[in-house]
Peer 1: 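Structure in structure tokens, see below.
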Amino acid sequence: MTETYQPHAIELKWQKRWEDSQLYRSKVDWSRPKHYALTMLPYPSGDLHIGHWFAMTPSDARARWMRMKGYNVLFPMGFDAFGLPAEQAAISRNIHPWKWTYANIERMREQLRSMGAMFDWEREAISCTPEYYQWSEWFFKQFYEHGVAYRGSALVNWSESLQTVLANEQVIDGKDERTGQPVAQKLMEQWFFRITQYADELLNFAPLDWPESIKIMQTNWIGKSEGARAAFHTEQGGHAIEIYTTRPDTLWGATFMVLAPEHDLVEKITTGDQRAEVAAYIENAARATEIERMIEDREKTGVFTGAYAVNPVNDERVPIWIADYVMITYGTGAIMAVPAHDQRDFEFARAHNLPVRVVIQPDAADEPLRGDTMSAAYDGPGVMVNSDAMNGSQSTTAKGRKNPAISRVIDWLEATGKGEEAVNYRLRDWLISRQRYWGGPIPMIFDGDEIVPVPDEDLPVVLPEDVDFVPTGRSPLTYHEPFFKVDETRRRETDTLDTFMCSSWYQLRYLSPDCHSAPFDAEEAAYWLPVDVYTGGAEHAVMHLLYTRFFTKALRDIGVFDDAAAAMRRHGRAPDGVFDEPMTVLRNQGQVLGGERQGDFVLCGGRRVGERLLADRVEVVDWNQVPAGFDGVFGELAHRTENVLHVDMAGITQFVDVQPDARIIIPDIPGENNVNQLRHHLDIQRMSKSKGNVVNPDELVERYGADVVRCYLMFNFDWQKGGPWNENNIKGPQGWLHDLWEIALAGAPDVRGDPTAERDIERKLHQTIAVINRGLEEFSFNTAIAEQMKFKNALKAALRAGAIGAEAWRSVMNRLIRLLAPFAPHIAEEIWARLGWEFSVHTQPWPEYDAEAAREEMVDLVVMINGKPRETIGVDVDITRERAQELALASGAAQRSLAGNPPKRAIFIPGRNGTDPKVNIVV
RNA sequence: GAGGAAGUGGCGGAAUUGGCAGACGCGCAUGACUUAGGAUCAUGUCUCUUAUGAGGUGAGGGUUCGAGUCCCUCCUUCCUCACCA
């Protein structure tokens with residue numbers, strides 16, 4: 001009897017030993033290739049979620065693999081520790097944000113340690129410490145001094161519920177993404193970063209190996225469009241109304257103009273008799289939340305200002321309206337309205353009896369379009385009409401200069417000085433001030449009308465601890481006189497930095513968290529940057545991941561990386577492009593969802609025999625729709641074992657035997673249904689405390705051990721997709737590790753071994769190495785583990801047959817345990833030690849894959865008839881085309897199909913990469 | 001409305017990227033061992049069919065010697081953005 005596998009003692013023992021021996025400390029070593037693996041740092045909410053395990057432990061396995069492959073790997077961890085929850089805990093539970101945050105960090109560090117990950121804790125960075133935010137402040141100053149940061153007055157997203165402004169990216173559907181409460185537009189003086197200046201460079205994803213979906217989301221977010229700018233002038237007063245359009249070829253079709261209600265010209269141009277109506281409309285629009293303004297198919301409302309403008313291209317007089325379908329935040333906040341060729345303008349024109357003039361006539365229309373009879377705007381291709389000198393130009397569906405009509409009009413506008421080519425972005429500058437306490441102070445001082453930065457020697461501006469957290473709707477710092485009062489005339493900025501600013505550069509602080517003279521050590525940066533592989537959730541697609549790219553580019557342009565570039569050159573490496581992007585490769589993990597147990601609601605009819613119902617009819621119905629007088633069994637299907645249903649009937653389990661010929665009716669699934677299609681759980685949902693389906697990783701570790709939990713998470717999901725939690729499946733990885741344990745502890749077999757079987761195991765081991773390599777390379781952790789399980793099954797069978805001798809056993813085990821090490825680091829280390837090999841398995845080289853050793857001698861030749869596999873013939877791996885075709889044509893399947901006729905073709909598909917050769921015979 | 005991802009057994013998911021669909025695991029079935037089993041071991045497990053054989057990756061069409069994979073149309077689900085001028 002071997003000792004049973006007891007994960008606990010083993011895991012704690014090795015975690016301590018690894019820490020004591022500094023196994024995971026990463027040091028700069030210019031003689032070795034580096035690999036900077038980074039996984040998104042957690043917010044210290046107080047408890048590690050299973051999602052953290054799902055994100056981090058596969059990343060850890062990959063980092064470990066890189067390390068064994070010979071890379072000098074940096075895999076750091078830290079905490080994104082500023083943010084609202086700490087402040088809310090302070091208010092609701094009367095505990096100071098420092099205390100709350102640090103207690104949470106203490107706890108989460110322990111939880112993180114229980115993963116057995118190779119985090120280098122000496123490089124830990126915590127964004128809320130003065131040592132850290134000193135440099136957030138310093139970066140702010142650098143940005144300010146280089147014109148990247150500026151103070152501006154702008155319409156900003158004001159969250160009434162949070163009493164703070166929010167970045168555009170934090171507003172979803174007109175609601176604050178945290179609380180789901182409506183956000184209003186408010187004109188405020190705030191600090192901004194000029195991210196828009198980098199819009200074009202941010203659109204260049206060529207240097208990045210990132211998921212397509214993230215690149216598309218960022219591209220859409222930046223929202224670059226090409227078109228033209230032109231100014232219409234008001235008839236009275238000659239005010240210029242700037243408009244931006246992507247369709248300058250329709251300029252001659254502008255029959256009115258629309259300004260956003262917030263547009264600052266509205267006040268100036270509105271005529272006396274329209275004043276009351278306009279004022280009422282503006283007030284209404286301001287009160288309406290963005291949500292109300294965005295309701296689909298909403299009638300297009302608006303009012304006439306009484307003013308007219310002159311269309312610069314044809315000097316036509318057009319009325320100026322205001323309407324809330326024009327957004328102040330996009331373009332110039334004003335549009336030329338071309339109802340014939342823009343659906344929104346069309347709807348507005350029809351609602352308010354405004355003229356519609358066709359200026360693009362479809363080429364192949366039977367009858368020309370007419371503005372008074374058309375039922376929808378026409379935005380297809382055609383030829384320009386009613387457009388003076390431009391008539392006859394071809395307008396295609398292409399955008400910008402690629403459209404001949406647009407290109408021609410732009411040239412004309414520029415030649416006549418009536419307008420110019422222009423690009424427009426949806427992206428707005430990054431609003432970074434927050435009216436909150438728990439964030440990095442903005443290091444600026446108001447001195448009368450002047451704003452000056454805090455001198456470098458006075459950094460960091462330290463966040464005071466003795467503040468009052470009574471919620472008043474303003475940051476507690478605004479009441480803290482010792483903080484804001486510099487002297488009689490000077491006052492400190494009391495707004496704090498958006499936490500996304502702190503997380504935009506943490507990958508740099510990890511390089512040297514104790515560096516006092518600079519945000520990071522140049523030598524470290526020269527060696528480690530950029531991050532080679534970044535893993536984390538896709539929810540950061542347009543916030544963190546866009547900000548950190550911008551941040552890196554801005555720092556590069558300011559010269560923050562100059563010393564690091566010089567250091568690279570000293571070491572003989574070219575710094576070209578190294579500091580352009582923060583993370584070269586990005587992979588997103590999916591989300592682990594909670595499995596909610598809610599079954600089909602079934603009605604079962606039949607005859608009763610004792611306690612059981614022998615059902616001849618089972619119908620799935622809508623929840624609780626039981627016909628009156630129904631005397632069978634009905635309720636939620638709680639469980640099904642083959643044809644036996646456990647039906648939960650008002651809390652009591654009823655057993656139903658479904659008869660073989662029973663009718664099963666499932667309305668969602670048409671046609672014949674069988675008992676297997678009855679679902680006893682569905683409706684998979686996001687984990688949340690209110691649903692009671694949260695999985696606690698600590699409990700799992702307690703029950704199964706960290707290695708089993710790691711392997712379960714890697715094995716049972718497509719990592720990049722995620723999926724529903726189903727703990728039943730944990731038995732798979734558990735049994736696998738258990739078997740490996742038993743095989744290892746049983747020791748080397750006392751048999752001579754069979755050379756053929758030993759060679760076969762050796763071959764399978766090499767094949768396994770290839771699949772694991774590929775799996776880890778491509779973040780396909782499930783297939784990597786599946787292949788290991790497969791090998792274990794083969795090894796177990798060979799051992800049981802007594803076919804493996806002691807020497808072969810030791811040789812196989814030595815490599816097998818190394819292959820296991822990245823996935824299950826503790827058990828691998830324990831077995832490694834027990835088999836008498838030197839500490840640590842994690843510093844061993846990764847087993848070499850030898851293609852020659854993996855090569856099969858015999859393979860199956862697949863005989864296909866018209867593309868369908870019909871027969872296999874065992875053949876030599878080196879079989880020639882001619883011989884394979886000969887064998888295939890002689891096979892029984894071919895003889896039967898051909899029936900004496902010659903084949904039309906016989907196509908030989910050689911076996912490559914371990915696939916079997918095939919011959920497809922076309923009859 | 002725009003853009004994107006996906007749809008494969010009872011379930012989680014594989015398929016070397018156009019070459020034997022369902023690897024690996026869960027569940028389930030049968031058997032063994034057991035006082036017992038929600039333990040362990042063995043065997044089986046896409047569907048129909050008598051072995052042979054035939055069909056099968058949301059539906060329908062197409063390209064190809066060959067399609068889960070590529071193209072077109074449609075259906076469903078999820079995600080992102082959303083009156084973007």
Side-chain angles (χ1 to χ4, degrees), chain A residues 172-174 211-214 216-217 219-221 223 225 227 243-247 250 258 293-298 300 323-327 329-338 342-345 347-348 424-426 538-539 541-542 591 595 640-642 674-681 712 715-718 721 723-736 770-771 774 778 780 782-790 792-793 800 860 862-872 896 903-907 909-923:
Chain A
I172 311 289
D173 274 353
E212 243 4 81
S213 57
I214 299 284
I216 288 165
M217 273 192 254
T219 303
N220 291 344
W221 187 261
S225 70
I243 58 111
Y244 169 77
T245 176
T246 54
R247 291 296 304 274
T250 64
V258 185
R293 286 176 66 161
M294 287 191 304
I295 290 170
E296 265 178 77
D297 300 330
R298 185 163 161 262
K300 295 244 174 327
D324 63 7
Y325 82 89
V326 173
M327 302 288 133
T329 51
Y330 183 80
T332 60
I335 62 161
M336 62 154 182
V338 184
D342 180 287
Q343 186 58 25
R344 292 153 303 170
D345 297 344
E347 286 165 23
F348 191 84
N424 189 59
Y425 300 92
R426 202 187 84 109
E539 65 274 17
V542 288
Q591 202 169 33
R640 179 186 62 79
T641 304
E642 293 297 292
N674 66 56
V675 70
N676 289 334
Q677 289 168 307
L678 292 168
R679 287 178 291 185
H680 56 272
H681 65 84
Y712 165 72
F715 176 67
N716 265 282
F717 301 86
D718 170 353
K721 213 168 100 195
W725 177 262
N726 184 352
E727 207 170 314
N728 289 333
N729 286 335
I730 210 164
K731 285 181 184 164
Q734 191 182 24
W736 168 53
V771 176
R774 188 165 165 266
E778 296 175 6
S780 174
N782 50 353
T783 55
I785 289 183
E787 201 64 15
Q788 294 222 45
M789 289 178 170
K790 208 159 126 187
K792 181 270 293 176
N793 292 343
R800 198 176 309 128
D860 285 338
V862 181
V863 180
M864 299 174 118
I865 309 295
N866 291 333
K868 299 220 183 294
R870 286 292 174 257
E871 194 173 319
T872 59
R896 271 195 303 277
K904 285 202 186 113
R905 292 172 77 176
I907 297 149
I909 305 114
R912 47 187 163 78
N913 304 325
T915 60
D916 289 322
K918 295 161 195 76
V919 174
N920 188 15
I921 298 168
V922 185
V923 296

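Each chain gets a letter, A, B and so on, in the order the sequences are listed, and its residues count up from 1. All values reported here derive from a predicted model rather than from experimental measurement.
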Peer 1: I want to verify the glycosidic state of U45(B); is it syn or anti under the 90° rule?
Peer 2: anti

Peer 1: What interatomic distance, in whole Å, is found between C1' of A15(B) and the corresponding atom of G53(B)?
Peer 2: 26 Å

Peer 1: Between C11(B) and A23(B), how far is it from one P atom to the other, in whole Å?
Peer 2: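 It works out to 15 Å between them.
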
Peer 1: Between U63(B) and G12(B), how many Å separate the two C1' atoms, rounded to a whole number?
Peer 2: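 These two C1' atoms come out 34 Å apart once rounded.
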
Peer 1: Does G9(B) have a Watson-Crick or wobble mate here (both distances under 3.5 Å), and if so which one?
Peer 2: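 Pair assignment: G9(B) / none.
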
Peer 1: Take Arg800(A) and Asp860(A), find for each the nucleotide of RNA chain B with the closest heavy atom, and name the residue whose nucleotide sits nearer the 5' end.
Peer 2: Asp860(A)

Peer 1: Pick the closest RNA chain B nucleotide for Arg774(A) and for Arg905(A) by heavy atoms, then say which residue is nearer the 5' end.
Peer 2: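 The residue whose closest nucleotide sits nearer the 5' end is Arg774(A).
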
Peer 1: Asp342(A) near the nucleic acid: base, sugar-phosphate alone, or nothing, with a heavy-atom cut-off under 4.0 Å?
Peer 2: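 Answer is nothing: Asp342(A) stays at 4.0 Å or more from every strand.
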
Peer 1: Heavy atoms under 4.0 Å, any strand shown: does Asn793(A) hit a base, just sugar-phosphate, or nothing?
Peer 2: sugar-phosphate

Peer 1: How close or far is atom P of U17(B) from atom CD of Glu212(A), stated in whole angstroms?
Peer 2: 20 Å

Peer 1: What is the distance, to the nearest angstrom, from the CZ atom on Phe717(A) to the P atom on A14(B)?
Peer 2: 12 Å

Peer 1: Counting any heavy atom closer than 4.0 Å, what does Ile216(A) reach on the DNA or RNA strands: base, sugar-phosphate only, or nothing?
Peer 2: sugar-phosphate

Peer 1: Check this for me: does the side-chain of Lys904(A) come within 3.5 Å of the base of C65(B) through a donor and an acceptor?
Peer 2: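 No, no donor-acceptor pair under 3.5 Å.
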
Peer 1: With a 4.0 Å cut-off on heavy atoms, is Val922(A) in touch with a base, just the backbone sugar-phosphate, or nothing at all?
Peer 2: sugar-phosphate

Peer 1: Say we look at A59(B) and U8(B): how far apart would their P atoms be, to the nearest angstrom?
Peer 2: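 Here A59(B) and U8(B) have their P atoms 10 Å from each other.
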
Peer 1: Hey, are the side chains of Tyr325(A) and Ile335(A) touching, using non-hydrogen atoms and a 4.5 Å cut-off?
Peer 2: yes

Peer 1: Could you check if the base of G9(B) is syn or anti? Syn means the glycosidic torsion is within 90 degrees of 0.
Peer 2: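 Syn, angle within 90° of zero.
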
Peer 1: Tell me: CE of Met864(A) to P of G66(B), nearest whole Å?
Peer 2: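 It works out to 11 Å between those atoms.
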
Peer 1: Could you give the CG-to-C1' distance, from Asp718(A) to U8(B), as a whole number of Å?
Peer 2: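 Those two atoms, CG and C1', are 14 Å apart.
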
Peer 1: Given atom CD of Gln591(A) and atom C1' of A5(B), what is their separation to the nearest angstrom?
Peer 2: 15 Å

Peer 1: Tell me the closest heavy-atom pair linking Tyr244(A) and Tyr330(A), and the distance in Å.
Peer 2: CE2-OH, 4.4 Å

Peer 1: For the pair made of CZ in Arg870(A) and P in G19(B), what is the distance, rounded to whole Å?
Peer 2: 19 Å

